[in-house]
Structure formats: C-alpha cells, structure tokens
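Have a look at the structure below, then the notes.
Position 1 is the first residue of the sequence, and the numbers go up from there.
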Amino acid sequence: MKKYLFLIFCAVFFVFISGCNKNDDKAETVDFDNSHPYAIAPDVDWAVVVEPYVGFRGADEHDSSTNSYCRKDEILQVMGFSINRYGEQWYLFEKGWIPASSVVIYSNRYKAEAAVKQAAKNSKKGK
C-alpha cells in the first residue's frame, strides 16, 4: 500500500514539476530603455533605411545638395513629410531629406528594431 502511495506521489510530483518548466522557444521580448524617449510615442514614426547607401538631401528633391549619408538598416526618427512638385514622397530626418523609396516607415522604434533583426536573420538563412 505504501509503495502505491509513494508511486502516485512521485507521478503527481513529476507532472507538477514538468509543467513548471519555462519554455523560451521563439519567445520575443522587447527591452524598454530611455535612450529613445519617443520610441513608442503615438505621433512619432520611425524609418528603416532599405538602400545600401543613401544621402541626406538639403531639400526634398534629387538635385539638391547632399548633407550627409546613412547606410542600410539604420533606424531614424521621422521629423516631417513632404510631397514635392514632382509628386514624390520624401521624409525629413535630423540630417536632411530622404525619398520614401529608400525607407520603410514603422509606427514605433521597437517595430523598426524587430524588422531589422528579422531581416538580419533572413539574410543569414539565405547564405
């Protein structure tokens, strides 16, 4: 009788312990920090550069001067938006204007970071 009670107790204990294991497979976490205070502000958009090398322009036109450059997968805070006289969409950033065709826009910084991480994973799988 004691053997059966001990076996039942061990079986229940085993089931209880196995149900408490933490399973982190494919679990995505978001780390919140204060380095970007507008990271989740509802009225601030974020852009990920999709071209290998893009120049910041002084105005929202291709023939304007280049102020600086950025590279693929950089994340930038959108400061403004414009449609120029040719009907092209442009986004304003701290260093200048970039055409909409060179960036992908996200509603918060964490979505932009996740997209960059996913693109990196996909490029590693393709190699």
Q. Taking only residues two or more places apart in sequence, or in another chain, which ones meet A100 in a side-chain contact (heavy atoms from CB on, under 4.5 Å)?
A. Q89, Y91
Minimum heavy-atom separation for [X] and [Y], please, with both atom names.
X: S102; Y: V54; answer: CB-CG2, 3.9 Å
X: C70; Y: I98; answer: SG-CD1, 3.8 Å
X: G55; Y: T66; answer: CA-CG2, 3.9 Å
X: S107; Y: D45; answer: CA-OD1, 3.9 Å
X: A47; Y: I105; answer: CB-CD1, 3.6 Å

Starting at [atom1] of [X], measure out to [atom2] of [Y] and round the result to the nearest 0.5 Å.
X: K95; Y: F56; atom1: NZ; atom2: CZ; answer: 6.0 Å
X: Y53; Y: R71; atom1: OH; atom2: CZ; answer: 5.5 Å
X: E88; Y: W97; atom1: CD; atom2: CH2; answer: 12.5 Å
X: M79; Y: E94; atom1: CE; atom2: CD; answer: 5.0 Å
X: L76; Y: R109; atom1: CG; atom2: CZ; answer: 8.5 Å
X: I40; Y: K111; atom1: CD1; atom2: NZ; answer: 11.5 Å

Q.
Between R57 and E61 (salt bridge meaning N to carboxylate O under 4.0 Å), is one present in this structure?
A. no
